[in-house]
Amino acid sequence: MNKIEIFKALSNETRLSILEWLNEPDKNFPPQGTHFDKPIDLKGGVCVGSIRDKTGISHSTISHYLDILQKAGLLIAERHGKWTYYRRNEKTLSELSEYFRKTN
């Protein structure tokens, strides 16, 4: 866990909001994967387009933000056809939580 990269990633309000929204994707985003012919287990992942729509920012900016969060280990990206779905990396978030518990 690279704490510096994580803290840099979390220093932007939109990136922080994305992580918060992905904690409850069913509540914060429309149903995902409805365009596939057969059901696919997206593991709670959300398509880039849905995240972009919620933020109201450009596709290039949201892609950059998602890349920063992924490189910091906070998100997992999974490709399905031409679509990429993002979900929280709960392992890294748990490690971060444990780090804060130990520093108290």
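Owing to the predicted nature of the structure, the values given are computational and were not obtained by experimental measurement. Just so you know, residue 1 is the first one in the sequence shown, and it goes up from there. The figures here come from the full heavy-atom set of this structure, side chains too, leaving out hydrogens, waters and symmetry mates.
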Verify same cluster id: I4, F100 (apolar side-chain graph, 4.5 Å) |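 As far as the 4.5 Å side-chain criterion goes, F100 and I4 are not connected within one cluster.
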Is there a side-chain contact between [X] and [Y] in this structure, where contact means two heavy atoms from C-beta onward sitting under 4.5 Å apart?
{"X": "L74", "Y": "Y86", "result": "no"}
{"X": "N23", "Y": "R88", "result": "yes"}
{"X": "E20", "Y": "L16", "result": "yes"}
{"X": "L22", "Y": "L69", "result": "no"}

Of all the heavy-atom pairs spanning [X] and [Y], show the shortest one and how long it is.
{"X": "E78", "Y": "R87", "value": "OE1-NH1, 3.2 Å"}
{"X": "T92", "Y": "G73", "value": "OG1-O, 2.9 Å"}
{"X": "S50", "Y": "P30", "value": "OG-CG, 4.1 Å"}
{"X": "V48", "Y": "S63", "value": "CG1-OG, 4.3 Å"}

Within the distance-only criterion (no hydrogens, no angle test), does the side chain of [X] pair as donor or acceptor with the backbone N or O of [Y] below 3.5 angstrom?
{"X": "S97", "Y": "L93", "value": "no"}
{"X": "R15", "Y": "A9", "value": "yes"}
{"X": "Q32", "Y": "C47", "value": "yes"}

For the atom pair [atom1] ([X]) and [atom2] ([Y]), what is the distance rounded to the nearest 0.5 Å?
{"X": "K91", "Y": "I76", "atom1": "NZ", "atom2": "CD1", "answer": "10.0 Å"}
{"X": "N12", "Y": "H64", "atom1": "CG", "atom2": "NE2", "answer": "9.0 Å"}
{"X": "E98", "Y": "S94", "atom1": "CD", "atom2": "OG", "answer": "7.0 Å"}
{"X": "L75", "Y": "I68", "atom1": "CG", "atom2": "CD1", "answer": "11.0 Å"}
{"X": "T61", "Y": "L66", "atom1": "OG1", "atom2": "CG", "answer": "11.0 Å"}

List in chain and number order the residues that pass ring-ring contact (aromatic ring centres under 6.0 Å, His included) with H80, two or more places apart in sequence or in another chain; answer none if no residue qualifies.
-> Y85
List for me each residue that meets ring-ring contact (aromatic ring centres under 6.0 Å, His included) alongside W21, sequence neighbours excluded, and say none if there are none.
-> none
From CA spacing to verdict: side chain to side chain contact (heavy atoms under 4.5 Å, CB included), Y65, I57 | CA-CA 11 Å; Y65 284 0; I57 57 180; 3.8 Å; yes
Partner of V46 by side-chain contact (heavy atoms from CB on, under 4.5 Å), out of D26, I51, N28 |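 Filter result, single survivor: I51.
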Output all residues satisfying salt bridge (charged side-chain N to carboxylate O under 4.0 Å, His left out) with D53, sequence neighbours left out; order by chain, then residue number.
->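 Applying salt bridge (charged side-chain N to carboxylate O under 4.0 Å, His left out) to D53 gives none.
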Relative to each other, are the rings of W83 and F36 parallel, tilted or perpendicular (30° and 60° limits)?
->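 W83 vs F36 ring planes: perpendicular.
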Going through the checks in order, is the salt bridge (charged side-chain N to carboxylate O under 4.0 Å, His left out) test met by E5 and K71?
-> CA-CA 8 Å; E5 290 305 312; K71 285 180 179 174; over 6 Å; no
